[in-house]
Amino acid sequence: MELGNSSDFSFTPLELRQLRALKTPVGIQKFLDDLPYNLCFTARSPKKVLHDRTASCLEGGIFAAAALRVLGFPPLIFDLEAEQDTDHVLAIFNVRGHWGAVAKSNFTGCRYREPVYRTLRELAMSYFNIYFNLRGERTLRRYSRPVNLTRFDDRNWMTTNKPVWFIAEYLCEIPHRSLLTRAMEKTLTRVDRRTVQAEMVGHRTR
């Protein structure tokens with residue numbers, strides 16, 4: 001199947017109506033929040049997420065990038081890289097020179113960000129305090145440059161029925177910038193119990 005024209009992106013008319021009905025980045029976030037978190041090791045395309053009504057962090061970020069594209073934004077994703085923890089993929093958007101994000105997460109605070117951050121480093125650091133593993137260790141270490149998913153248009157990343165692991169693989173290959181110095185890393189404290197409890201509201205384990 002060849003990529004459709006710029007107005008349909010190979011989505012069906014019904015799928016386009018569903019995506020356009022989300023209207024704003026906040027609407028996209030609400031759609032993702034209403035989906036069960038996908039614990040399976042999959043990489044569904046945005047079309048599959050729309051039909052299957054479940055998404056992981058990776059799937060949610062890629063879906064949000066496609067939905068933002070339909071709404072007129074560039075389809076940009078952004079990778080947060082952690083140690084002793086999983087990475088986090090966000091869709092990012094820019095409004096009047098400031099960055100915001102849409103994301104699917106199994107943790108309360110690793111989701112939406114208003115477009116108020118002047119730089120991508122500021123945006124990444126907004127996740128630092130609530131980015132931890134189940135041992136309570138603060139794990140966020142690096143962030144990537146923005147990736148415009150139009151680079152994968154020839155692979156029909158928005159509407160393919162095949163897994164889109166090639167996007168995750170690309171994120172693993174590109175350089176990431178450090179957020180902390182080695183000295184900072186050595187003196188990090190663990191997250192307190194109340195913060196852990198707050199971030200685990202709605203956390204899905206099965």
Side-chain angles (χ1 to χ4, degrees), residues 6-7 9 16 18-35 37 46 49 55-82 85-132 138-153 157-158 167-168 170-172 174-181 184 188 191 195 198-199 201-202:
S6 60
S7 63
F9 306 110
L16 276 177
Q18 291 174 322
L19 292 170
R20 288 173 179 152
L22 302 179
K23 296 183 179 178
T24 65
V26 173
I28 298 169
Q29 184 64 59
K30 186 178 185 306
F31 175 85
L32 288 175
D33 288 345
D34 289 343
L35 300 183
Y37 190 82
V49 168
S56 63
C57 154
L58 174 67
E59 293 165 340
I62 296 170
F63 172 87
L68 285 167
R69 187 181 196 182
V70 169
L71 298 182
F73 294 88
L76 302 176
I77 58 171
F78 181 59
D79 184 50
L80 299 180
E81 193 171 71
D85 203 352
T86 56
D87 289 4
H88 190 33
V89 177
L90 322 168
I92 57 175
F93 62 97
N94 194 290
V95 178
R96 294 185 290 276
H98 290 74
W99 292 101
V102 180
K104 180 67 175 174
S105 180
N106 208 10
F107 292 83
T108 304
C110 289
R111 297 177 296 129
Y112 185 75
R113 291 295 185 272
E114 293 285 349
V116 298
Y117 300 95
R118 293 171 297 178
T119 66
L120 291 174
R121 187 181 191 282
E122 279 190 5
L123 176 62
M125 285 302 292
S126 76
Y127 290 88
F128 179 78
N129 198 51
I130 43 77
Y131 202 123
F132 57 87
R138 302 180 195 275
T139 56
L140 181 58
R141 295 291 184 272
R142 290 166 290 276
Y143 67 99
S144 74
R145 61 175 172 77
V147 174
N148 191 322
L149 293 180
T150 58
R151 68 183 301 115
F152 299 114
D153 279 353
W157 65 275
M158 291 187 292
I167 297 177
Y170 183 79
L171 291 175
C172 290
I174 62 175
H176 287 61
R177 295 183 178 179
S178 295
L179 289 167
L180 308 178
T181 65
M184 290 175 180
L188 290 175
V191 177
T195 299
E199 289 300 311
V201 172

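The figures that follow rest on heavy atoms only: side chains count, while hydrogens, waters and symmetry mates do not.
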Identify the heavy atoms of Leu35 and Ala55 that sit nearest to each other, and give their distance.
-> CD1-CB, 4.2 Å

Backbone N/O of Tyr143 and side chain of Asp79: donor-acceptor pair under 3.5 Å = no

For the residue pair Phe128 and Leu188, establish whether any side-chain heavy-atom pair is separated by less than 4.5 Å.
-> yes

Between Thr119 and Glu122: side-chain donor-acceptor atoms closer than 3.5 Å | no

CG on Leu19 to CZ on Phe9, rounded to 0.5 Å = 10.0 Å

Is it the case that more than 12 heavy atoms not belonging to Arg145 sit under 6.0 Å from its CZ atom?
-> yes

Residues passing the side chain to side chain contact (heavy atoms under 4.5 Å, CB included) test with Thr195, sequence neighbours excluded, are Ile130, Val191, Asp192, Glu199

Interatomic distance, CD1@Ile92 vs CG@Leu68, rounded to 0.5 Å, equals 10.0 Å

Under a 4.5 Å cut-off applied to non-hydrogen side-chain atoms, are Ile174 and Val147 in contact?
-> yes

Can you tell me how far the CE atom of Met158 sits from the CD1 atom of Ile62, to the nearest 0.5 Å?
-> 12.0 Å

Taking every heavy atom of Ala124 against every heavy atom of Leu140, the minimum-distance pair comes out as O-CD2, 3.5 Å

With distance as the sole test, does Tyr37 use its side chain to make a donor-acceptor pair with the main-chain N or O of Cys57 at under 3.5 Å?
-> yes

Where do Asp87 and Ala82 come nearest, in terms of heavy atoms and distance?
-> OD1-N, 3.1 Å

Is there a side-chain contact between Asn148 and Pro75, using heavy atoms and a 4.5 Å cut-off?
-> yes

Can you run down the side chain to side chain donor-acceptor pair (under 3.5 Å) pairs that involve residues 94-113, sequence neighbours left out, and say none if there aren't any?
-> Asp33-Arg111, Asn106-His203, Arg113-Ser126

Could you grab the distance from atom CH2 of Trp157 to atom CD1 of Ile167, nearest 0.5 Å is fine?
-> 6.5 Å

How close do His88 and Cys110 get, heavy atom to heavy atom, and via which atoms?
-> NE2-O, 2.7 Å

Can you name the closest pair of heavy atoms from Pro46 and Phe63 and give their distance?
-> O-CD1, 3.6 Å

Measuring from Arg138:CZ to Arg141:CZ, what's the distance to the nearest 0.5 Å?
-> 10.5 Å

What is the distance from atom CG of Asp85 to atom OH of Tyr131, rounded to the nearest 0.5 Å?
-> 5.5 Å

Any side-chain heavy atom of Leu22 within less than 4.5 Å of one from Val70?
-> no

Of all heavy-atom pairs linking Gly61 and Ala91, the shortest is O-CB, 3.5 Å

Report yes or no: does Gln29 contribute a side-chain atom to a donor-acceptor pair with the main-chain N or O of Ala103 at less than 3.5 Å?
-> yes

